[in-house]
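Reading through the structure tokens given below for one structure.
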Amino acid sequence: MPILSVQNLHKHYGPVHALKGVSFDVPAGSVFGILGPNGSGKTTLLGIMMDIIKPTSGTFQLFDETPSAKLRSQIGTLLETPNFYHYLTAVQNLRIAAKIKGRGEADVERVLGMVDLLARKNSRFSTYSLGMKQRLAVASCLLGNPEVLVFDEPTNGLDPVGIAETRELIKKLNKEGKTIIMASHMLDEVEKVCTHVAILQKGVLISNGHVDEILVNEDIVEISSKNLETLSRKVQQLPGATHVKINQQYVEVFFPSGEAMLENINQYCFEKGEVLNHLRLRRKSLETKFFELTQTNNTQKK
Amino acid sequence: MLKLLKIEWLKLKNYRTFWILASLYVISIFGINYIVYRIQEEIYNEKQAKGVAEMVMGSRPYEFPIVWQMASYVSSFLLFFPGLFLIILVTNEYSYKTHRQNIIDGWSRSQFISVKIALAVIPALFSTLLVFIVATGFGLAGKEPFDTNKIYYLGYYFIQALSYSMVALLFAILFKRGGLAIGVFFLYAVVLENLVGGLMNHYLNYSGRYLPLESTDNLIPLPLFQQVQKNIIPSANFTALFIVALIYLVIYYIVINRKFKTDDL
């Protein structure tokens with residue numbers, strides 16, 4: 001049973017087409033990353049899930065059921081910014097959230113402990129730093145120990161320690177069997193934390209699946225010889241290579257990260273009668289990959 | 001609903017602005033009536049003017065049973081205050097974005113908006129109760145015995161108070177930003193409607209009486225100078241005013257609900 005299933009969601013804000021027919025499923029037990037640059041429609045998507053934004057068309061199901069307020073109360077959600085009453089303390093704010101969720105107030109202390117805010121629990125929200133506000137929002141999500149958590153940019157505004165702690169927390173929650181849906185514009189965050197990813201760009205879902213399949217880290221070896229055509233044909237059989245691409249100057253041979261051995265490649269080509277005049281290893285960063293994924297989509301549209 | 005109201009109470013009870021405004025309102029309701037009461041005492045106790053005052057103005061307004069009407073009439077000048085309070089409460093939710101969070105956390109949109117409408121009814125009830133206490137107090141201080149004749153003016157006062165609160169809630173939901181909603185509410189309630197109403201009364205056969213807030217204002221006429229009033233302006237069709245006031249309340253209710261339930265929050 002998918003935790004969340006989205007079918008053909010569209011959203012228009014006046015002339016802006018923020019979501020253009022997005023469909024995907026979030027499998028139970030996954031850490032599902034929604035990755036995309038700012039303005040790609042991540043928050044709109046999560047907002048629709050939470051009934052604070054009305055979709056122009058399309059449907060979605062939570063836990064295989066028609067969405068309802070009751071189902072929402074079983075999901076811990078942090079959307080965009082921490083939203084609390086500024087004049088109330090952390091405890092008073094969490095009591096309100098707990099009551100709305102229909103959870104006991106006893107849980108308030110526990111979740112404040114989990115995000116290390118017990119020492120400041122009776123301070124007003126308005127006196128909190130940005131990082132503390134963010135942690136309080138995470139605490140609020142954890143009220144009642146929900147099976148599904150939704151985080152929109154969970155490490156936003158945190159210092160490096162806070163970022164590491166939050167990522168650890170997400171992994172820990174996932175290990176306990178919880179499903180986590182998180183939106184992020186940071187590729188390395190998605191790569192470090194998520195098991196699944198959906199990449200959004202300008203409201204279009206351009207890729208979606210297991211993180212290992214979508215965000216493969218690759219070694220790319222550029223080679224060239226007199227005749228690129230024959231060279232590329234010969235290196236197709238190169239042991240370990242995943243695929244081969246040819247462009248105007250080089251043949252590019254792709255290997256899984258860290259597995260490209262230049263000496264072996266050189267020797268292989270020589271044995272096949274190809275004398276290389278260029279051999280260079282290029283490690284492809286995730287950023288390049290992400291850039292490439294989003295860029296290709298751009299050019300396709302043109 | 002009780003469960004929802006308990007949650008609203010958690011939001012309110014530690015909100016200092018609420019307590020300050022509520023206390024000031026209680027004091028002001030008493031205060032404004034006391035001022036008018038003192039003026040009455042001055043005029044009616046003046047030996048030379050005594051007979052003239054009663055002839056022109058009518059019997060003492062702070063005596064039973066007219067005191068029900070008089071206290072309602074005088075207190076209604078402060079009805080913008082519960083409205084102001086309501087606008088602050090609702091636009092706070094917008095500026096803290098807690099209206100989103102409440103729904104994310106598991107309220108339905110209709111739960112959220114229905115508890116806000118309940119919050120418009122409660123100050124109207126509270127205000128009516130205050131007027132009851134003040135009118136009883138001043139009435140008992142007077143010379144006439146306790147009399148519940150004309151106490152139905154408190155019912156009209158409640159409708160008037162509810163209309164002001166609902167208009168305030170409507171503006172809060174439409175404009176979302178506190179300053180803007182308060183500005184528009186005050187200008188509308190204090191200046192614009194009176195201006196338009198005055199012009200309509202002058203040129204369009206007193207139709208200005210049926211404007212949203214005017215219709216409820218006119219439910220409780222000033223109990224003084226009634227003889228004089230009758231000679232200058234034709235008296236209002238009370239039943240029509242009453243029905244129009246109720247229709248407006250239904251319209252506010254529908255618009256507020258629809259707006260909140262269909263908008264992106």
Side-chain angles (χ1 to χ4, degrees), chain A residues 11-14 18 43-44 46-56 62 67-89 91-103 105 122 124-126 133 136-137 140-141 143-144 146 150 152, chain B residues 1-22 85-86 88-116 118-119 172-173 176-179 257-265:
Chain A
K11 175 66 189 175
H12 292 269
Y13 294 108
T43 301
T44 300
L46 296 181
I48 289 172
M49 248 180 87
M50 291 295 133
D51 192 34
I52 61 170
I53 295 170
K54 295 288 185 188
T56 309
L62 296 172
S68 67
K70 186 147 193 332
L71 292 175
R72 276 203 303 283
S73 72
Q74 296 164 26
I75 301 175
T77 304
L78 158 59
L79 198 65
E80 217 166 14
T81 48
N83 305 325
F84 292 102
Y85 298 92
H86 291 202
Y87 54 86
L88 296 180
T89 66
V91 171
Q92 289 164 346
N93 266 304
L94 290 190
R95 262 188 209 146
I96 292 173
K99 285 259 183 193
I100 293 176
K101 287 169 195 258
R103 315 277 188 179
E105 286 181 30
N122 289 321
R124 280 168 202 270
F125 179 72
S126 55
K133 287 175 178 172
L136 183 62
S140 183
C141 293
L143 281 170
V150 176
D152 188 8
Chain B
M1 181 49 89
L2 195 63
K3 217 175 114 191
L4 304 183
L5 282 172
K6 274 185 185 163
I7 294 172
E8 288 299 309
W9 177 240
L10 288 178
K11 299 179 189 172
L12 269 185
K13 71 172 181 185
N14 293 300
Y15 188 35
R16 204 180 296 145
T17 309
F18 162 67
W19 290 109
I20 294 171
L21 287 184
F85 163 72
L86 207 66
I88 293 175
L89 281 193
V90 174
T91 55
N92 263 353
E93 302 266 9
Y94 282 105
S95 56
Y96 300 148
K97 289 190 178 174
T98 39
H99 67 304
R100 287 175 145 207
Q101 195 62 42
N102 287 172
I103 285 162
I104 289 170
D105 285 343
W107 265 359
S108 66
R109 288 184 181 220
S110 64
Q111 280 176 317
F112 184 92
I113 196 63
S114 60
V115 79
K116 293 301 177 212
L119 281 192
I173 298 285
K176 298 180 181 173
R177 273 168 297 164
N257 258 296
R258 179 161 306 165
K259 172 83 179 154
F260 192 80
K261 284 182 187 167
T262 55
D263 250 19
D264 288 338
L265 300 179

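None of these values were measured; they are calculated from a predicted model. We name chains A, B, ... by the order of the sequence lines, and we start the count at 1 in each one.
- Counting heavy atoms from C-beta outward, B:Lys97 and A:Thr81 have side chains that approach closer than 4.5 Å.
- Atom SG in A:Cys141 sits 8.0 Å away from atom CG in B:Asp105 (nearest 0.5 Å).
- Distance check: A:Leu88 CG to B:Lys11 NZ gives 10.0 Å after rounding to the nearest 0.5 Å.
- Atom NZ of A:Lys54 sits in a crowded spot, with more than 12 heavy atoms from other residues, nucleotides or ligands closer than 6.0 Å.
- Heavy-atom distances place no part of A:Gln74 under 4.5 Å from chain B, backbone and side chain included.
- A:Arg103 does not touch chain B: none of its heavy atoms, backbone or side chain, sits under 4.5 Å away.
- Taking B:Glu93, B:Glu8, B:Lys6 one by one and counting their heavy-atom pairs under 4.5 Å with chain A, the maximum is reached by B:Glu93.
- To the nearest 0.5 Å, atoms CD1 (B:Ile104) and CG (A:Asn83) are separated by 6.5 Å.
- A 4.5 Å side-chain heavy-atom check between B:Arg100 and A:Met50 finds every atom pair outside the cut-off.
- The candidate with the highest count of non-hydrogen atom pairs below 4.5 Å against chain B, out of A:Ile48, A:Ile96, A:Leu143, A:Val150, is A:Ile96.
- With a threshold of 4.5 angstrom between heavy atoms, A:Tyr13 approaches chain B through side-chain atoms but not through N, CA, C or O.
- To the nearest 0.5 angstrom, B:Ile7 atom CD1 is 13.0 Å from A:Arg95 atom CZ.
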- Message: Between B:Thr98 and A:Tyr85, does the side chain to side chain contact (heavy atoms under 4.5 Å, CB included) criterion hold? Intermediate values first, please.
- Response: CA-CA 7 Å; B:Thr98 39; A:Tyr85 298 92; 3.4 Å; yes

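- Every residue meeting the ring-ring contact (aromatic ring centres under 6.0 Å, His included) condition with B:Tyr15, not counting sequence neighbours, appears here in chain and number order: A:Tyr87.
- Sparse packing is recorded around NZ of A:Lys99, with 12 or fewer heavy atoms of other residues, nucleotides or ligands lying under 6.0 Å away.
- Between A:Asp51 and B:Arg109 the shortest side-chain heavy-atom distance falls below 4.5 Å.
- Between chain B and the residues A:Glu80, A:Lys70, A:Met49, A:Lys101, the most heavy-atom pairs under 4.5 angstrom are made by A:Lys101.
- Summarising the geometry of B:Gly106 relative to A:Ser73, their closest heavy-atom pair is CA-CB, 3.9 Å, with the distance given to 0.1 Å.
- A distance of 7.0 Å separates OG of B:Ser95 from NE2 of A:His86, quoted to the nearest 0.5 Å.
- When every heavy atom of A:Ala69 is checked against every heavy atom of B:Ser108, the shortest pair comes out as CB-N, 3.7 Å.
- You'll find the side chain of B:Ile103 reaches within 4.5 Å of the side chain of A:Arg72, heavy atoms only.
- At a heavy-atom separation below 4.5 angstrom, chain A is approached by B:Lys261, B:Thr262, B:Asp263, B:Asp264, B:Leu265 within residues 258-265 of chain B.
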